[in-house]
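Letters A, B, ... mirror the listed sequences (proteins, then strands); counts begin at 1. Nothing here was measured: the structure is a model prediction, and the numbers come from that model.
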Number of protein chains: 2
Amino acid sequence: MSKQPEGCAPLARDPLSAEQAGELAALFKALADPVRLRLLSLIASQEGGEVCVCHLTDAFELSGPTISHHLKVLREAGLITGERRGTWVYYRVRAEALGRLSAVLLPAEVPA
Amino acid sequence: MSKQPEGCAPLARDPLSAEQAGELAALFKALADPVRLRLLSLIASQEGGEVCVCHLTDAFELSGPTISHHLKVLREAGLITGERRGTWVYYRVRAEALGRLSAVLLPAEVPA
DNA sequence: TGTCAAGATAGATGTATGTCGAAGCAACCG
DNA sequence: CGGTTGCTTCGACATACATCTATCTTGACA
């Protein structure tokens, strides 16, 4: 539930400020775990764009609380959103957030 | 000096294998620190593409060993390369590595 | 209302990591 | 050859983090 960093020019355009670097590092930290990357990928690649948590827990040999913890990290980083519908909770990715990170990593390559 | 992961389709195309996720997580872990992001950005945004370590240590209020440690993490992740010329060591970014990571994060958005 | 199932939270624990000072290497210069 | 400077490696330490079990909350349904 942190504030979303703005568009943010590519790394290679200008040196990052300490503040920008801190915000970006928090996002990359959320991605810096194999389980979380697989969760994100499972959600993102799903037909319809959303996945029930029960399907995610089944896909790993990890305890429910551990999956729940990883989903919370991704959620608080702003990379996914969760919605409860009845008994189940469904997650979907925030494509803008991923796109923003992708843009930050683009090499400079003749800016103008 | 780990082996470079191959092109790797976007996260959103297909669910990542455990192995792919592990390799990617190692790369994102290297980016998951404010100091390393600023170092990378300082190097990448430099006119000429390379920076002397002495310039990098001057840019932070951190000890030399700490900067050296972070450069090593980036180097072993394959994100930068270092070259010694005489007294000084110069670093430059591996644009392909950054570009690959950028591509992985691209949202799917009508693949065909 | 009582019970059951799906998820989330809390607390504990082992491991990983960021930081430092001290020491080691490598290259220049008297 | 000895000294100085730039950078890396080593060892120590405090903090952060992934994982677990146990517990709590929420909703469905009899």
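- Contacts of B/R92 classified as salt bridge (Lys or Arg N to Asp or Glu O under 4.0 Å), with partners at least two apart in sequence or in another chain: B/E50.
- Alongside A/V73, the hydrophobic cluster contains no other residue (criterion: ILVMFWY side chains under 4.5 Å).
- Residues A/L101 and B/F28 are not in side-chain contact: their nearest non-hydrogen atoms beyond the backbone lie 4.5 Å or more apart.
- C/dT19 atom C1' lies 8 Å from atom NE2 of B/H70, rounded to whole Å.
- Tracing side-chain contacts under 4.5 Å through hydrophobic residues (I, L, V, M, F, W, Y), one reaches A/L62 starting from A/Y91; they form part of the same cluster.
- For DNA chain C, none of the residues of residues 41-50 of chain A falls under the heavy-atom distance limit of 4.0 Å.
- Every residue two or more places apart in sequence or in another chain that forms a salt bridge (Lys or Arg N to Asp or Glu O under 4.0 Å) with A/E83 is listed here: A/R85.
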- Task: Please report the C-alpha distance between A/L31 and A/L79 in whole Å, then the side-chain angles of each, then the deciding distance to 0.1 Å, and finally whether the side chain to side chain contact (heavy atoms under 4.5 Å, CB included) criterion is met.
- Result: CA-CA 9 Å; A/L31 294 177; A/L79 294 169; 3.8 Å; yes
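- Close approach of DNA chain D to chain B, defined as any atom under 4.0 Å from a non-hydrogen atom of the protein, starts and stops at D/dG6 to D/dT9.
- Contacts classified as salt bridge (Lys or Arg N to Asp or Glu O under 4.0 Å) and involving residues 25-45 of chain B (residues at least two apart or in different chains) are not found.
- When the side chain to side chain donor-acceptor pair (under 3.5 Å) test is applied to A/S63, the partners found at least two apart in sequence or on another chain are A/T66.
- A heavy-atom distance below 4.0 Å to DNA chain D is reached by none of the residues of residues 28-39 of chain B.
- When the side chain to side chain donor-acceptor pair (under 3.5 Å) test is applied to B/S68, no partner is found at least two apart in sequence or on another chain.
- The salt bridge (Lys or Arg N to Asp or Glu O under 4.0 Å) pairs that include a residue from residues 56-73 of chain B number zero, where partners must be two or more places apart or lie in different chains.
- One N or O on the side chain of B/S41 and one on the backbone of A/D14 form a donor-acceptor pair closer than 3.5 Å.
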- Report, as a single string ordered 5' to 3', how protein heavy atoms within less than 4.0 Å touch nucleotides 6-11 of chain C: B base, S sugar-phosphate only, - not at all. SSBB--
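- With sequence neighbours excluded, the residues that form a side chain to side chain donor-acceptor pair (under 3.5 Å) with B/S102 are A/S102.
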